[in-house]
Undergrad: 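What follows is a structure written as structure tokens; I'll ask about it next.
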Amino acid sequence: MEQPTQSLKHEALLLQKELTRHNYRYHLLDDPEISDAEYDKMMARLLEIEEAYPSLSTPDSPTKRVGAPPLESFETAQHSIPMLGLDNAFNDDDILEFHNRTLKFLEAQNDSFKKEIFYTVEPKLDGVAVELVYKNAILTRATTRGDGITGEVITENVRTIGSVPLRLSVLSAKSIGTERIPKLLEVRGEVIINRKDFDNLNKIRLEQNEYLFANPRNAAAGALRQLDSRKTAARPLSIFVYGIGLTEGIEAKSQSQILQTLQSYGFPVNPLIREKITINKVIEYYRELEQKRESLPYEIDGMVVKVDDIALQNALGIKSRSPRWAVAYKFQAMEATTTLRDIIVQVGRTGTLTPVALLEPVNVGGVTVSRATLHNEDEIKRKDIRIGDSVIVVRSGDVIPKIVKIIESKRTGSEKKFSMPLDCPVCKSPVKRVEDEAAVKCINASCSAQLKERIKHFVSKSAFDVDGLGKKLVEQLVEREMVKSFADLFTLDKAKLASMERMGDKSAENIVNALEKSRNITLKRLIYALGIDHTGENAAYLLSERFKTLDTLLCASKEDMEIVEGIGPKTSGAVYDFFHNPDNIFLIKNLIDNKVTVVQSEDTSVKEGKEEDDKKRELNSIKGKIFVLTGTLEGMTRTEAKELLQQAGAKVTGSISAKTDYLVAGESAGSKLAKAQELGVAVIDEKKLISMVKG
Ligand code: IVH
């Protein structure tokens, strides 16, 4: 085979080095220097070279992250040291008992042991345990925990996880005094999927009519079990490491030192870990973590409490399948069993019919749950959910609870199968199944259920922002046929509004004033308010920035829209179709006839004084403030956001500290978000950022 030239060899090496560095900056520091497109371009070039000269394709090359040809099956491998499980503690008594037991055990071994025990505590991540083996700094094998003794070899899949180093490097050896890379290092950790990424993944699967994952853990396990690692590469997996197996060339004295060492080698270590604390602090921190639990970007199901000192760990030893020196202090379960009383069908803004489960109310992790989403009919069929079934419901963060499965053994035979109605439950017109989708839609544009939802959206905070026009009032207005279209809202007067249930003169007047104020609207808000398919706030912002006026947007072709960065074919198609539908042209004309005017920027002078002050304060507040950016932004790259902020007089830094004023968190924000939450730094999203900068 032809040998690569010296200069090609050099180019490949340089690309490998640079891509590794950029990968680390992106995944570990959350602080990329280059855009995704630039990264992809470098990766494409390296792939090209390595394809032509496979000898240059080393196992630690960043090209290994894109996946390898599919395997026939997984090999298995034995762990050098078994991967143990943990005993559980469910309350303070259990944890104190664990502490006393540990003390006694150590005292019995050593008469003079009177010392206090210090613990290192870590969030118990709800993912998949893996072991990564590094020989002479290179990731050579990755396995699942399996039965603790033997696991499946999933090296190719693990290599695709961006935050897993393919080669160890010493980044800040000063903290541990270990400047050498060990000959052998087995690292243990948990592979997870962030909640947001999990929701997106399921959303796509729902659209494609694929089986939905019950929780992020199952999604992570599914991704790691792919025989085709290119499929794994497409899944948003990440990892936090928390321990070691067999090692050669390093000597650890404590769990906290292990964690610091691993971090210095380039591994992601969870930011919510507390090192060397007393049992009282352990209990205190448990409460704190429990409070934070639902706002974290990933799921945790408890806290792992580990005796920090390795000498003590060794003295304590292990029982059959779990160590005596650690315990899992579990949180309340986020899942519960209850009965499915009925299934009702709701009609959304775009006409989609969604089945909703009515449940026997049940406490799930401290919240009473009586409804759960069922997504669509196919999902109900797939899970064979019947009315009267005993079901398992789970809750996660602030998303709507869902039914993960039914308990078949509890069936009595009296359960009833559900089928989707053939007519819209509200307007009774026939429903239609959307081609290639599992969704069933009511296609009657004047269906009152759809109209109610569209009007609610139209007056919502990010759209026309009509203060006082709440959901109940919108429902009444539609039911009484006083509002049949968006434009009708602007024909409402005090008398009409005051005739509504629970509506006083003063409230009616306030609403009339709020409607009056809302007539002057920015293009962005108007586009968003119209509720066009695939057109959220971000797309509305991008379109308004590009086309500036309503007239220009109305005249734009699909292609004109598609070339706007961040606008895909689905959005451009939907927006184009919307503005070329005669009913919608009439609707826009009607709005204009009712004095709705598109203005260049929000006229703060017509807003109430307080709001105006708030806005001014916000604008002034940007100057000199310290911002950190993390995650993927939708409408701009982080570099663009950085420039925007700098132009406004803000400072943008790479890492969170107590001095940081704002963290701008995009999609898949990870460790920085957790750190910000931990330090009490204000977290804002892209929308807020734009409003702060643009006013
Ligand atoms: S330590 C001997 N630390 O919990 C110590 N485990 O039941 C064994 N887990 O299979 C594990 N976060 O999947 C440890 N910070 C953490 C953890 C953690 C999650 C999982 C892990 C393990 C299971 C133990």
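Every heavy atom of this structure was used, including side-chain atoms; hydrogens, water molecules and symmetry mates were not. Counting starts at 1 for both ligands and their atoms, following the listed order.
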Undergrad: Taking 4.0 angstrom as the limit, do Asp389 and Lys383 come out as a salt bridge?
TA: no
Undergrad: Under 4.0 Å between a Lys/Arg side-chain N and an Asp/Glu carboxylate O for Glu290 and Arg293?
TA: no
Undergrad: Determine whether the side chain, the backbone, both or neither of Pro123 has a heavy atom under 4.0 Å from any heavy atom of ligand 1.
TA: backbone
Undergrad: Does Trp325, backbone or side chain, put an N or O under 3.5 Å from an N or O of ligand 1?
TA: no
Undergrad: List every atom of ligand 1 that sits less than 4.0 Å from any heavy atom of Leu84, numbering the atoms from 1 in the order shown and giving each element.
TA: 8 (C)
Undergrad: Kindly confirm or rule out an N or O of Pro323 lying under 3.5 angstrom from an N or O of ligand 1.
TA: no
Undergrad: Considering only NZ, NE, NH1 and NH2 on the basic side and carboxylate oxygens on the acidic side, decide whether Arg287 and Asp92 come within less than 4.0 Å.
TA: yes
Undergrad: Which atoms of ligand 1 have any heavy atom of Arg145 under 4.0 Å away?
TA: 10 (O)
Undergrad: Checking a contact table here: which protein heavy atom is nearest atom 22 (C) of ligand 1, and how many Å away?
TA: Tyr242 OH, 4.0 Å
Undergrad: Pick out which of Asp31, Thr632, Ile34 makes a side-chain contact (heavy atoms from CB on, under 4.5 Å) with Tyr26.
TA: Thr632
Undergrad: Which option wins on minimum heavy-atom distance to atom 1 (S) of ligand 1: Lys306, Arg321, Met83?
TA: Lys306
Undergrad: If you have a sec, work out which protein heavy atom is nearest atom 5 (C) of ligand 1 and how many Å separate them, to one decimal?
TA: Leu86 CD2, 3.9 Å
Undergrad: Can you spot which of Lys276, Glu122, Gln260 makes a side-chain hydrogen bond (donor to acceptor under 3.5 Å, both in side chains) with Gln255?
TA: Glu122
Undergrad: Quick one: nearest non-hydrogen protein atom to atom 12 (N) of ligand 1, plus distance?
TA: Leu125 N, 3.1 Å
Undergrad: Below 4.0 Å, non-hydrogen atoms only: which portion of Glu122 touches ligand 1? Side chain, backbone, both or neither.
TA: side chain
Undergrad: For atom 23 (C) of ligand 1, which protein heavy atom lies nearest, and how many Å away is it?
TA: Lys124 NZ, 4.0 Å
Undergrad: Could Glu152 and Arg225 be called an ion pair, given the rule that one side-chain N must be under 4.0 Å from one carboxylate O?
TA: no
Undergrad: Give me the nearest non-hydrogen protein atom to atom 20 (C) of ligand 1 as residue plus atom name, then the distance to 0.1 Å.
TA: Glu190 OE1, 3.6 Å
Undergrad: Charged N to carboxylate O below 4.0 Å: is that the case for Glu107 and Lys104?
TA: no
Undergrad: Regarding Asp30 and Arg638, does a basic nitrogen lie under 4.0 Å from an acidic carboxylate oxygen?
TA: yes
